[in-house]
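Single-structure report; data block below.
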Protein chains: 2
Amino acid sequence: MAGNTSTPGASVVSRALALLFAFDAQHRRLTLTQLASRAGLPLATTHRLAADLVAGGALVRRANGEYVVGRRLWDLGLLAPVQTGLRQVASPFLNDIHAATQATVHLAVRERTQVLYLERLSGRASVPVVSTVGSRLPMHATGVGKVLLAHAPADVQERVLSSLDRITPYTVTQRARLERQLTRVRKDGFATTEEEMTLGACSIAVPVPGPDGSVVAAIGIVVPSLKRDRARLLAALQVAASGVARTLANELAPPGADAASRSR
Amino acid sequence: MAGNTSTPGASVVSRALALLFAFDAQHRRLTLTQLASRAGLPLATTHRLAADLVAGGALVRRANGEYVVGRRLWDLGLLAPVQTGLRQVASPFLNDIHAATQATVHLAVRERTQVLYLERLSGRASVPVVSTVGSRLPMHATGVGKVLLAHAPADVQERVLSSLDRITPYTVTQRARLERQLTRVRKDGFATTEEEMTLGACSIAVPVPGPDGSVVAAIGIVVPSLKRDRARLLAALQVAASGVARTLANELAPPGADAASRSR
DNA sequence: GATTATGCTTCCGCTGAGTGGAAGGAGGCC
DNA sequence: GGCCTCCTTCCACTCAGCGGAAGCATAATC
């Protein structure tokens with residue numbers, strides 16, 4: 001729009017989005033200068049666009065000058081069809097697991113080469129858990145991740161297996177060893193981790209099969225130790241997973257349109 | 001930016017936001033034409049801006065041409081400091097109530113003259129419930145709403161009381177009667193509704209007091225009937241509410257900055 | 001209390017990014 | 001074929017946006 005832009009070709013909209021997406025889980029509050037630098041825009045431009053965004057309610061400016069994401073964007077985000085159907089269907093079953101185990105319960109799907117956490121019920125026990133709703137974690141170090149990885153397309157597996165970051169001393173970073181684990185996951189129908197993502201936290205997870213036999217999601221729980229009641233936890237998970245799978249299959253009976261198209 | 005705009009003075013950013021906020025709970029999917037009409041923009045302009053938004057991942061265009069809110073906005077929305085602290089603190093207590101009662105559990109705050117639902121655990125029983133996370137409902141017809149209204153500033157009460165919409169045949173629309181109910185709510189420490197929002201659904205709710213004695217939120221549950229176990233439900237709610245209140249007070253012990261500033 | 005540093009706000013001349021009417025597809029229905 | 005609806009592309013006009021620079025406010029440093 002302007003004559004003397006430093007990056008001709010970039011639309012105003014793209015700049016505005018750069019400002020919005022400058023926020024992330026580690027940067028929920030940004031000063032003007034931080035915002036400008038993270039978005040890669042000149043300070044004056046940032047100042048003006050940010051003011052527009054504040055005027056529209058997309059951002060909020062605190063009394064101390066910091067910008068935060070506005071409530072209107074929270075509203076808007078909730079409308080995104082992020083597995084809406086899956087989450088609604090799964091919700092009561094997750095609650096059942098939570099009631100039965102008192103542990104932290106997760107519902108997750110695969111997003112490219114990472115685990116995306118769709119839902120989380122936090123447990124009573126003081127287990128350190130790093131995931132929150134919306135967070136992405138590596139597949140090879142989480143229970144739900146191993147389940148999803150074990151059933152992912154070959155090219156995804158290849159990409160994940162070719163670079164296994166060490167997160168704790170117990171993270172499985174040897175390709176061959178993880179491959180053996182994945183084979184077991186497919187055979188046994190569940191995956192476990194022991195302090196591979198967070199010290200002091202173990203997990204166990206099972207797949208949620210879709211109508212066509214593919215794996216559409218994973219349900220897992222996080223506990224301080226698996227020693228004691230692995231069998232009990234696994235039973236609870238499997239009941240829930242088959243419940244979700246059954247409900248999903250029924251819901252899809254009238255095979256209309258693409259996923260998540262049930263607004264009415 | 002352009003010479004021949006029909007509404008000079010409107011920034012590109014404001015137009016882009018108009019497009020985004022054209023989506024709401026009743027309109028999660030919009031065609032180009034719908035989008036243009038709801039945003040109040042010419043079709044060609046809408047087409048171009050929407051393409052920019054899609055390029056940035058803020059919107060997604062389905063195969064059938066419909067636009068929906070994109071996953072990146074979902075991510076972003078989760079970063080909004082919408083009572084982050086309150087929700088985190090309350091979550092385990094809400095789960096307790098849910099486990100104990102198997103009913104639909106709500107956490108809500110007041111937003112201007114409406115109830116804003118922050119959290120919802122759906123129950124097993126087939127009770128019709130209209131609320132979802134992020135939805136706003138009138139205060140006078142919901143349990144949590146009555147609690148929040150009873151403890152709202154006088155001007156808010158006045159505005160709400162001066163126009164009581166009828167939603168079901170049982171909605172309380174007489175000002176004097178609702179005022180008497182509010183007095184009781186303050187005295188008894190809980191509120192109830194009986195099919196005032198939805199036929200076949202009753203609710204009971206209690207306030208969550210903040211450190212300074214004001215009411216910061218309400219916790220409520222929805223059941224088919226209150227006849228049977230009102231006392232039991234009330235007890236569960238009160239335990240949870242005081243648990244949340246106590247945790248909140250402890251959390252605020254180091255009184256630093258404004259709410260929701262715990263990113264690390 | 002002067003000096004420096006840092007971060008925010010405002011100003012303003014230049015110009016190409018944005019605008020939207022209009023024309024041209026692409027389907028769907030009768 | 002004719003008609004309708006909805007989407008896409010084109011293009012001449014021009015003012016909204018651009019961002020360097022100067023000014024301002026506050027806080028730290030000497």
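None of the values given here were measured: they were computed from a predicted structure. Each chain gets a letter, A, B and so on, in the order its sequence line appears, and its residues count up from 1.
- For C:dA17, the OP1/OP2 oxygens have no side-chain nitrogen or oxygen of A:S11 closer than 4.0 Å.
- Both tests pass for B:R72 against the ring of A:F21: distance under 6.0 Å to the centre and angle within 45° of the axis.
- Of the listed nucleotides (D:dC7, C:dT9, C:dG21), C:dT9 has the atom at the smallest distance from the side chain of A:L32.
- Spacing between atom CZ of A:R29 and atom P of C:dG7 amounts to 16 Å, rounded to whole angstrom units.
- The shortest distance between side-chain heavy atoms of A:L118 and A:H106 does not fall below 4.5 Å.
- Close to C:dG20, at under 4.0 Å from its OP1 or OP2, lies a side-chain N or O of B:T45.
- The shortest distance between the side-chain N/O atoms of B:H47 and the OP1/OP2 oxygens of D:dC7 is not below 4.0 Å.
- Nucleotide D:dC7 holds its C1' atom 14 Å from the CD atom of B:E66, rounded to whole Å.
- Across the protein-nucleic acid pair, B:L43 atom CG and C:dA22 atom P stand 14 Å apart, rounded to whole Å.
- A straight line from CG of B:L35 to P of D:dT5 spans 20 Å, rounded to a whole angstrom.
- The side chain of B:L49 lies closest to C:dT19 when the candidates are C:dT9, D:dT9, C:dT19.
- Rounded to whole Å, atom P of D:dG19 lies 14 Å from atom CG of A:D52.
- Between C:dA17 and B:R48, no contact under 4.0 Å exists linking OP1 or OP2 to a side-chain N or O.
- Regarding contacts with the backbone of C:dG18, every side-chain N or O of A:R15 stays at 4.0 angstrom or more from both OP1 and OP2.
- Between the CZ atom of B:R61 and the P atom of D:dC7 there is a distance of 7 Å, given to the nearest Å.
- Applying side-chain hydrogen bond (donor to acceptor under 3.5 Å, both in side chains) to B:Y67 and the options B:R61, B:R28, B:R62, B:R29 leaves one that passes, B:R61.
- Of all nucleotides listed (D:dC7, D:dT9, C:dT19), D:dT9 comes nearest to the side chain of B:A44.
- Contact of the B:T113 side chain with the B:L149 side chain is not registered, since no non-hydrogen atoms from C-beta on lie closer than 4.5 Å.
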